[in-house]
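The next block holds one structure in the form of structure tokens; read it before the comments.
In listed order, ligands and their atoms are each counted from 1. The first residue in the sequence is number 1, and the count goes up from there. The basis for the numbers below is simple: all heavy atoms, side chains too, and nothing from hydrogens, waters or symmetry mates.
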Amino acid sequence: MHGSRTATTKRQPGPRTMRVLGIETSCDETGVALFDSERGLLAHALHSQVELHAEYGGVVPEIASRDHVRKLLPLVSHCLAEAGLDRDDIDGVAYTAGPGLIGALLVGASTGRSLALALGVPALPVHHMEGHLLAPMLEADPPELPFVALLVSGGHSMLVEVRTIGDYRLLGETLDDAAGEAFDKTAKLLGLGYPGGPALARLAEQGDPSRFPFPRPMTDRPGLDFSFSGLKTHTRNLYQRHAAERDADVTLEADIAAGFQLAVVDTLAIKCRRAMQHTRARQLVIAGGVGANLTLRERLKADGEKHGWAVAYPRLAFCTDNGAMIAYAGCQRLLAGEHTGLGIAARARWPLDELKPPATEAAA
Ligand code: KG4
Ligand code: ZN
């Protein structure tokens, strides 16, 4: 008796080659991709819900779920057509099972699981953060393991030592707001739309980062944890103090945006340097939506050159949520023989350190 792990599998893929459909629906982006273990990424497509949520100033979970329902299957068909494949060419389905918005996750999980059942192939629940951590592996010149990853998104800020796929050691994390959340909230304060991170970064380009002093939170004490809520409050107080001059002071918002951005970038860079020294790693990887920030990228690249470590980033489209990272992560685990039964897995919360390397789980 093999139990539920193999009960749903009609055809066992060969050990070396596999074409995996990846599905990402954890938040406000519907992402789909096809990854081939030999040929690499065959197709990927993304539908962003930004416009749907913009008028509410943030993601509305019910609207997110309903839109995933509308967009997911058309995106699957689109990817298959782009890759010149049909459904029978899919050897496995990987879907984001958490962490994220539970309703949104359930759309991808139930669709992915059902598709796999209909096709007689294995399905695999993927951890969203594992997807982000492994996204740079999709690039032509992938980073070498082990590495230290700075994972900075709208919901998370963490430094993780990646020893091998599935062997992750949390080195530090945020005690309050995530870096992306701090960007989004500060952008809202300055009257920029949703999502705030990219808009704040654009405004910062026109500002003078040295006009106002900003703190570098938690850099004056040892450790690798972050805290951004004090910086957010500092920015709010600063903006309120200058409320009377807002109309006359045409660069006020841009100068605040630039000072805030530099404070976040400095803080992240200081912690990255500490993490690299602490682990003696030679490779740093930047992952998650805030990894799209060009000031952060330039700063970490310069630090890497100065201290002698390599810095890898996924392409900009794979820094933010996407299906390709889920297809890739799922493919590595499916190749090792890992898959689950007919249950639909979805977890709003799912600590990263619960993951294990694929071989260990497959053997379990
Ligand atoms: O990884 P992601 O797409 O979604 C999750 O949170 O999982 O990250 C989205 C976050 C948002 O907070 C967004 O404002 C931020 O990444 N972001 C940026 C930039 N692009 C996206 N923050 C700063 N600068 C950017 N260029
Ligand atoms: Zn994400």
Side-chain angles (χ1 to χ4, degrees), residues 22-31 44 46-50 53-54 57-59 61 64 95-101 104-105 108 126-136 149-158 160 173-174 177-190 192-205 207 209 226 228 231-232 235 257-258 260-269 285-300 313-326 328-329 348-350 352:
I23 293 176
E24 156 62 37
T25 64
S26 67
C27 190
D28 60 346
E29 256 127 13
T30 320
H44 66 99
L46 188 88
H47 172 75
S48 168
Q49 301 177 355
V50 160
H53 301 291
V59 179
Y95 62 86
T96 304
L101 301 172
L105 288 167
V126 173
H127 194 291
H128 182 76
M129 294 299 150
E130 177 166 68
H132 275 306
L133 286 177
L134 301 182
L150 172 71
L151 213 167
V152 270
S153 70
H156 298 268
S157 295
M158 44 174 89
V160 182
E173 64 184 331
T174 183
D177 290 353
E181 194 180 355
F183 264 97
D184 292 340
K185 288 178 177 169
T186 304
K188 201 169 184 175
L189 168 81
L190 296 176
L192 306 171
Y194 160 86
L200 190 139
R202 274 195 302 278
L203 183 63
E205 277 172 28
F226 307 99
F228 291 110
L231 182 59
K232 184 188 66 190
T235 311
F260 168 84
Q261 175 175 262
L262 190 61
V264 175
V265 166
D266 260 355
T267 305
L268 294 174
V285 159
I286 319 302
V290 182
N293 186 283
L294 294 178
T295 308
L296 178 68
R297 287 177 167 239
E298 279 161 20
R299 171 65 190 274
L300 293 176
Y313 314 87
R315 72 193 80 166
L316 287 176
F318 294 165
C319 273
T320 46
D321 292 349
N322 64 87
M325 65 184 192
I326 303 303
Y328 177 84
R349 289 178 182 276
W350 185 1
L352 184 67

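Residue nearest to atom 6 (O) of ligand 1, selected from G154, A179, A201, C319: G154 (by heavy-atom distance). In the candidate list N293, V59, D321, N293 is nearest to atom 25 (C) of ligand 1, counting heavy atoms.
Checking only distances, G288 never comes within under 3.5 Å of ligand 1, N or O to N or O. Not a single N or O atom of P195, backbone or side chain, sits closer than 3.5 Å to an N or O atom of ligand 1. Looking at G196 next to ligand 1, no N or O pair under 3.5 Å apart turns up. By the 3.5 Å distance cut-off applied to N or O atoms, M129 is not counted among the residues near ligand 1.
Contacts of H156 with ligand 1, taken as heavy-atom pairs under 4.0 Å, are absent altogether. Heavy atoms of T320 found under 4.0 angstrom from ligand 1 belong to the backbone as well as the side chain.
The Zn ion (ligand 2) does not have H156 among its coordinating residues (no N/O/S atom, backbone or side chain, under 2.8 Å). H132 lies close to the Zn ion (ligand 2), since one of its N, O or S atoms is found at a distance under 2.8 Å.
Between H132 and H128, the ring planes are perpendicular. Angles over 60° get that label, and only those under 30° would be called parallel.
Every heavy atom of Q261 sits 4.0 Å or more from the atoms of ligand 1.
Ring centroid separation for the pair F183 and F260 comes in under the 6.0 Å cut-off.
No side-chain donor-acceptor contact under 3.5 Å links S26 to the backbone of G100.
Closest to atom 12 (O) of ligand 1 among all protein heavy atoms lies D184 OD2, 2.7 Å.
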